[in-house]
Every structure is written in C-alpha cells, then in structure tokens.
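As the structure is a computational prediction, the values presented were derived from the model and not from experiment. Sequential numbering from 1 along the given sequence is applied to the chain's residues.
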Amino acid sequence: MQSSGNSATNEVAPPGVNINVPHSARIYDYWLGGKDNFAVDRAVGEAMIQAIPGMRYMAGENRKFVHRAARDLVAKEGIRQFLDVGTGIPTRPNLHEIAQQIAPETRVVYVDNDPIVLVHARALMLSSPEGRSEYISADLRDAGSILNDPILSDTLDLTKPIGLTLIAVLMLLADADDPWSTVAALRDAMPSGSCLAITHPTADFNPDEVNTAVAAATGAGMTLVARSQEAVARFFGDWELLEPGLVPVSAWRPDTEVADPQAAYYWAGVARKP
C-alpha cells in the first residue's frame with residue numbers, strides 16, 4: 001500500500017508482497033487513481049503513460065465494459081453466477097455489486113494471485129444477503145487450481161450457466177505458455193448457456209504506442225503481450241459471439257455514443273456456450 005512517503009524504502013507491504021517487482025494489478029490501480037500501489041508500480045505505470053498518453057482513459061473504458069457486460073449477462077442472458085479470473089484490486093462498483101443490483105441472489109467467485117488483492121478482497125467484496133461473494137487465491141496459469149478449489153464448488157452450481165470473465169488478464173501470459181489451452185480448460189468446465197467475457201490489449205489500432213508501452217513493461221521484468229483480433233478471437237473457441245461481436249472495448253454496447261472507439265486499445269467480446 002502506498003504510504004505517506006515518496007520513497008520505496010518508506011513503503012510497507014502486506015506479507016508476501018514484493019515492493020521491488022511491479023505487478024499488473026497495482027499498476028492498473030495506479031491508472032485508476034487508487035492508492036494500493038508502490039513506487040515500482042508507479043514508475044512502470046508512468047513509463048507506459050509516456051508511451052500511451054491515453055492509458056488512464058483506456059483503463060477507465062475497460063472498467064465500463066465490465067459494468068455493461070455484467071449488467072447484460074444478468075438482465076439479458078439470465079446469468080446468476082460469475083467466475084471472475086484476474087480480479088485485480090477491487091474498484092467499486094465491483095462486478096458482484098453491479099450484478100446484485102439487478103438480481104440480489106447472484107453469486108460471484110473472484111480469482112487472483114496477488115496477496116494485496118486478497119487483503120482488499122476480504123474487506124470490500126461484501127455480498128448482498130441473498131447472494132454470495134467469495135475469493136480464491138490462485139493462478140490463471142493453472143486452471144486446475146481454480147476449478148478444483150472447494151470454494152468454487154461450494155459457491156457456484158457448475159450445472160447452471162456461469163459468466164466467466166477474463167478482463168485484461170490474458171495479456172500477462174506469453175504465447176509460449178499457450179494461454180489458449182488454459183482458457184479452453186476453463187471453457188470446457190462451464191455448462192451450456194455459460195458466457196465468456198474477455199478484454200485484451202492490442203497493437204492493432206496504434207502499433208507504435210503499444211509496442212513502446214510493452215517494451216517499458218517487459219524491460220521492468222513483466223510479461224505483457226498485445227494480441228491481434230484474430231489471436232483474441234481464438235480464446236472464445238466455438239462459443240457463439242454475442243452482438244456486436246469482437247469489437248473495440250468502447251464499442252461493445254456503449255451506453256452513449258463513442259466518438260472514437262479505437263482510442264482505447266483493447267478488443268472486447270462476450271460469447272455464449274452452445
């Protein structure tokens with residue numbers, strides 16, 4: 001957590017958090033104006049803003065997509081339970097708060113592998129009385145660690161449709177890690193009628209800015225992969241993309257007209273399992 005001092009030496013972290021290594025969840029928190037980040041995260045975050053001046057706007061557009069997708073999956077697709085992998089540091093309103101405003105009985109399981117997320121998950125992810133909100137500390141790279149966790153089976157009914165959300169997280173897996181197989185394992189565990197929502201950064205709209213930002217992140221020791229529309233589409237497998245398909249994140253069912261959908265360098269889409 002950010003302390004009153006400006007030096008990393010004055011910062012105090014929860015157990016298990018290395019304040020000398022940047023983490024995507026904390027960088028994202030910094031872009032959104034949060035306080036749960038460290039000097040190393042702010043340094044990388046600023047370097048990426050230097051590369052992409054619209055980075056804070058992009059982070060905001062990504063959060064707006066989460067809200068719209070959660071709303072529509074509950075209201076239009078009848079989803080009443082969610083598995084959110086790569087949760088990040090909670091930013092209110094959280095997914096379960098959006099969903100439970102429409103259907104208070106909605107259940108949500110959040111998944112992340114950063115200890116600082118766990119600290120806040122316990123405090124902020126408070127469910128409605130009718131629903132339930134739980135947290136699993138696990139790594140997306142090991143789908144089995146998520147699917148086999150007793151909290152998952154205790155919270156969600158795996159025989160009924162689930163909203164699986166992978167928001168701005170697949171970029172952290174290198175191609176060599178075969179993230180498509182990892183996502184396929186999660187998809188295969190979902191029952192018919194489930195929906196998969198994904199956002200993913202891309203260089204398709206502005207290669208120069210994005211490649212400079214990726215270089216800043218990788219230079220700091222992070223894995224950050226921007227992928228093409230075709231590569232992102234592969235994550236959905238044979239699931240049916242809902243309208244309007246795989247589009248710039250700002251163009252997915254926007255609440256108001258967006259002047260330039262490609263100003264936020266993310267692909268976004270939601271698909272339904274047959």
Between [X] (side chain) and [Y] (backbone), is there a donor-acceptor pair under 3.5 Å?
X      : Y      : result
Glu77  : Cys195 : no
Tyr135 : Asp112 : yes
Ser194 : Ile162 : yes
Arg63  : Thr91  : yes
Gln100 : Ser128 : yes
Arg68  : Arg253 : yes
Arg141 : Thr182 : no
Thr199 : Ala168 : yes

Using the side chain to side chain donor-acceptor pair (under 3.5 Å) criterion, which residues pair with [X]? Sequence neighbours excluded.
X      : result
Glu240 : Arg272
Asn113 : Asp139
Gln262 : none

[X] versus [Y]: any side-chain heavy-atom pair under 4.5 Å?
X      : Y      : value
Val108 : Gln81  : no
Ile27  : Met222 : yes
Ile49  : Trp31  : yes
Val40  : Val21  : no
Val225 : Leu173 : no
Pro179 : Arg227 : yes
Asp41  : Tyr30  : no
Pro191 : Thr159 : no

Check your understanding: With under 30° as parallel and over 60° as perpendicular, where do the rings of Tyr110 and His96 fit, or are they tilted in between?
Key ->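 Because their plane-to-plane angle is over 60°, the rings of Tyr110 and His96 count as perpendicular.
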Could you give the distance from [atom1] ([X]) to [atom2] ([Y]), rounded to the nearest 0.5 Å?
X      : Y      : atom1 : atom2 : result
Phe65  : Trp252 : CZ    : CH2   : 5.5 Å
Ile151 : Glu134 : CD1   : CD    : 6.0 Å
Ile136 : Asp149 : CD1   : CG    : 4.0 Å
Leu152 : Leu83  : CG    : CG    : 6.0 Å
Leu170 : His200 : CG    : NE2   : 5.5 Å
Phe82  : Leu164 : CZ    : CG    : 10.5 Å

Heavy-atom pair of closest approach, residues [X] and [Y]:
X      : Y      : result
Val247 : Pro244 : CG1-O, 3.4 Å
Phe236 : Leu246 : CE1-CD1, 4.0 Å
Ser192 : Pro161 : O-CG, 3.7 Å
Leu186 : Ala143 : CD2-CB, 4.1 Å
His120 : Ile116 : CD2-O, 3.2 Å
Ser250 : Glu61  : OG-OE1, 2.8 Å

**Study point:** Shared hydrophobic cluster, Ile89 / Ile98 (ILVMFWY, side-chain heavy atoms < 4.5 Å)
**Key:**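 No: no chain of side-chain contacts under 4.5 Å links Ile89 to Ile98.
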Note: [X]-[Y] ion pair, threshold 4.0 Å (strictly below):
X      : Y      : answer
Lys64  : Asp255 : no
Glu243 : Lys76  : no
Arg132 : Asp154 : yes

Check your understanding: Which residues pass the ring-ring contact (aromatic ring centres under 6.0 Å, His included) test with Tyr266, sequence neighbours left out?
Key ->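 Result, ring-ring contact (aromatic ring centres under 6.0 Å, His included) vs Tyr266: none returned.
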**Study point:** All ring-ring contact (aromatic ring centres under 6.0 Å, His included) counterparts of Tyr28, not counting sequence neighbours
**Key:**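 In terms of ring-ring contact (aromatic ring centres under 6.0 Å, His included), with neighbours along the sequence ignored, Tyr28 is linked to no residue.
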Practice item. Given side chain to side chain contact (heavy atoms under 4.5 Å, CB included), test Glu46 with Gln50 step by step and report yes or no. Key: CA-CA 6 Å; Glu46 276 300 320; Gln50 290 297 312; 4.3 Å; yes
Practice item. Could you point out which residue of Asp204, Val249, Ile198 forms a side-chain contact (heavy atoms from CB on, under 4.5 Å) with Trp267? Key: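 Option passing the side-chain contact (heavy atoms from CB on, under 4.5 Å) with Trp267: Asp204.
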Review point. In chain order, what residues pass the side chain to side chain contact (heavy atoms under 4.5 Å, CB included) check against Ala263, with sequence neighbours excluded?
Key: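 Listed in chain order: Tyr57, Asp260.
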Exercise for review: Please check if any side-chain donor atom of Gln229 sits under 3.5 Å from a side-chain acceptor atom of Thr202, or the reverse.
Suggested key: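 The criterion, which ignores hydrogens and geometry beyond distance, is not satisfied for Thr202 and Gln229.
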Practice item. Determine whether the aromatic ring centres of Phe38 and His23 lie less than 6.0 Å apart. Key: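 No, the ring centres sit 6.0 Å or more apart.
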Review point. Hey, mind stepping through Arg42 and Glu11 against salt bridge (charged side-chain N to carboxylate O under 4.0 Å, His left out) and telling me if it holds?
Key: CA-CA 13 Å; Arg42 297 189 288 278; Glu11 294 179 320; 2.8 Å; yes
Exercise for review: Assess whether side chain to side chain contact (heavy atoms under 4.5 Å, CB included) is satisfied between Arg80 and Lys160, documenting all intermediate values.
Suggested key: CA-CA 9 Å; Arg80 293 295 182 269; Lys160 295 180 180 178; over 6 Å; no
